[in-house]
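Structure, as structure tokens:
All values below come from the heavy atoms of this structure, side chains included, with hydrogens, waters and symmetry mates left out.
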Amino acid sequence: MASTAVHPTKEASVPSLLSEKHSYFSPVTTLYTRFSEWRRSLDLPNPGTVENLQKEVKLTHLTNFMFDGAKADLTKSLSMNPAFQVTHSFSLGSQTAPPAYNFGAVYATNSAFLQGGVDHEGNVNARCNRGWSEHFISKMQAQLSHQPGHSMLQLEQDYQGQDYSLNFKAVNPSPSDFSGIYIGSYFQSVTKNFALGFESLYQRQSPELTEFATSYLAKYTGTKKDWIATAQVQPSGILQTTYWQKLSDKVEVAADLQVIAAPSRRDAIATLGAKYDLRMSTFRAQLDSTGKVSALLEQRFAPTFAFLVSGEVDHFKNAAKVGVGVMIESSNLTPEEMGAPPQPQII
């Protein structure tokens, strides 16, 4: 009897091809799985973002809070969940800025944050954050101005891993010639207290004019998270180091040192600051090597009313600046919902 040869069909050969490909990549997948398990076993914390590398120092110093002249912020809370409020801001009498008015609005939920504002000259700014998951956040900032060159669009994507953070920004990107500013950063925890990272900037003003630079970052956090030291080195010859420490529940101190060793300039600036949080007030004081001594007091007389007074003396230039301000909040919420201290009962 003649034997009949059985040839494998095309469908029967597909599983064999898949298993063959799987065998090729099996060492790679096994190595990656073991590496991931070893990485998880270290239990390293997330180091935070590069943008917030010096967050504690900036909240202690007066750089982002100092003002002169007079200002007033009137805020109206329209909703608590979702959060929705509007603000009218007035400022005048400043030595460095003209009188201005700004109307702003904020809308926030658990996964979205929207903020917008317009000033008396018609300049519009907007900000939008959207959290797709606990680790994946998309951000957008925009500014529209009637002045040429002052309009701006920034797109940002942020990813927070278990022990690292990734961030990518595009400022004024153009899809036609890919001009704009592109910034990418990576921050990795090496131990439970120490983290290293880098931030690269690629600027393309035109196809013929491009620029690329990379700065390197380091961050060390105390075991009790009561002190943080950071360092940042830029290729232009700038070294910036910071130190922040929480002395108690109400007292924080911070120091900043910036050394410039560029071919055209050699300089160094040191700044020391302290912040005192009392029951109904916050006091900040700052001293730097340029001869400036400044202070800011925020006194809250009630949950809906705060008074601010600031001052700065420049000893080298023999100049001084003073500022006063008020913040008034109006809301339909009860004092308990706004966090007011309980009032004693009068019998």
Side-chain angles (χ1 to χ4, degrees), residues 55-108 113-127 143 249-252 254 273-288 292-314 319-344:
K55 176 182 177 181
E56 291 78 9
V57 175
K58 293 179 179 178
L59 292 177
T60 304
H61 285 174
L62 275 78
T63 306
N64 298 330
F65 302 93
M66 192 65 190
F67 69 96
D68 66 326
K71 74 171 189 176
D73 295 332
L74 310 178
T75 303
K76 172 70 174 181
S77 296
L78 303 177
S79 173
M80 194 66 181
N81 189 18
F84 181 49
Q85 67 179 29
V86 295
T87 303
H88 302 271
S89 300
F90 306 85
S91 63
L92 64 132
S94 173
Q95 300 180 17
T96 58
Y101 164 77
N102 184 277
F103 172 79
V106 174
Y107 177 86
F113 176 82
L114 301 174
Q115 182 181 18
V118 57
D119 62 14
H120 65 284
E121 294 183 348
N123 300 318
V124 180
N125 62 84
R127 178 184 174 191
Q143 179 177 322
D249 293 338
K250 298 180 180 181
V251 182
E252 300 177 12
K275 184 179 76 166
Y276 300 85
D277 288 320
L278 304 176
R279 189 175 69 90
M280 294 290 288
S281 63
T282 300
F283 177 75
R284 290 178 173 91
Q286 181 174 301
L287 169 68
D288 61 30
K292 294 181 181 179
V293 179
S294 53
L296 171 67
L297 174 65
E298 178 183 339
Q299 177 67 52
R300 189 168 289 275
F301 296 99
T304 58
F305 178 75
F307 176 75
L308 296 88
V309 57
S310 65
E312 179 184 276
V313 178
D314 193 332
K321 294 188 295 185
V322 178
V324 293
V326 294
M327 293 190 301
I328 302 175
E329 300 178 11
S330 175
S331 175
N332 297 327
L333 305 177
T334 62
E336 290 78 9
E337 294 175 330
M338 299 183 65
Q343 300 294 330

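- When the options K275, K292, H61 are evaluated for a side chain to side chain contact (heavy atoms under 4.5 Å, CB included) with Q286, the one that passes is H61.
- The CZ atom of F90 lies 13.5 Å from the NZ atom of K71; values are rounded to the nearest 0.5 Å.
- In this structure, A285 and F283 approach most closely via the heavy-atom pair CB-CE2, 3.9 Å.
- Nearest heavy atom pair, residue S77 against residue Q85, reads OG-OE1, 3.8 Å.
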Before giving the answer on side-chain contact (heavy atoms from CB on, under 4.5 Å), spell out for E312 and M66 the whole-Å C-alpha distance, their side-chain angles and the decisive distance to 0.1 Å. CA-CA 9 Å; E312 179 184 276; M66 192 65 190; 3.5 Å; yes

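- Residues Y107 and P82 meet the side-chain proximity criterion, which asks for heavy atoms closer than 4.5 Å.
- Looking at V309 and Q299, their side chains never come closer than 4.5 Å, going by heavy atoms from C-beta outward.
- Annotation: side chain to side chain donor-acceptor pair (under 3.5 Å) contacts of T75 (sequence neighbours excluded): T87.
- Across every non-hydrogen atom of Q95 and A320, the tightest pair is NE2-O, 3.4 Å.
- Looking only at side-chain heavy atoms (C-beta outward), M327 and E298 come within less than 4.5 Å of each other.
- Taken to the nearest 0.5 Å, the CZ atom of R127 stands 14.0 Å off from the CD atom of Q143.
- Pairing each heavy atom of Y101 with each of H88, the nearest pair is OH-ND1, 2.8 Å.
- Within a 6.0 Å radius of CG in D249, other residues, nucleotides and ligands contribute 12 heavy atoms or fewer.
- Judged by distance alone, with hydrogens and angles left aside, the side-chain atoms of R284 form a donor-acceptor pair with the main-chain N or O of L59 at under 3.5 Å.
- Using modelled atom types, no side-chain atom of S79 and backbone atom of F84 make a donor-acceptor pair closer than 3.5 Å.
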side-chain contact (heavy atoms from CB on, under 4.5 Å) for L308 and D73? Distances and angles first, verdict last. CA-CA 11 Å; L308 296 88; D73 295 332; over 6 Å; no

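- The number of heavy-atom neighbours closer than 6.0 Å to OH of Y276, taken from other residues, nucleotides and ligands shown, is 12 or below.
- Looking at every heavy atom in both residues, A295 comes nearest to L62 through C-CD2, 3.5 Å.
- In this structure, the side chain of D68 does not engage the main chain of K321 through any donor-acceptor pair within 3.5 Å.
- Here CZ of F103 is found 10.0 Å from OG of S89. Values are rounded to the nearest 0.5 Å.
- A distance of 10.0 Å separates OG1 in T282 from CD in E252, rounded to the nearest 0.5 Å.
- In this structure, the side chain to side chain donor-acceptor pair (under 3.5 Å) partners of D288, at least two apart in sequence or on a different chain, are T290.
- Checked against side chain to side chain contact (heavy atoms under 4.5 Å, CB included), E121 has the following partners two or more places apart in sequence or in another chain: D119, N123, H146, Q147.
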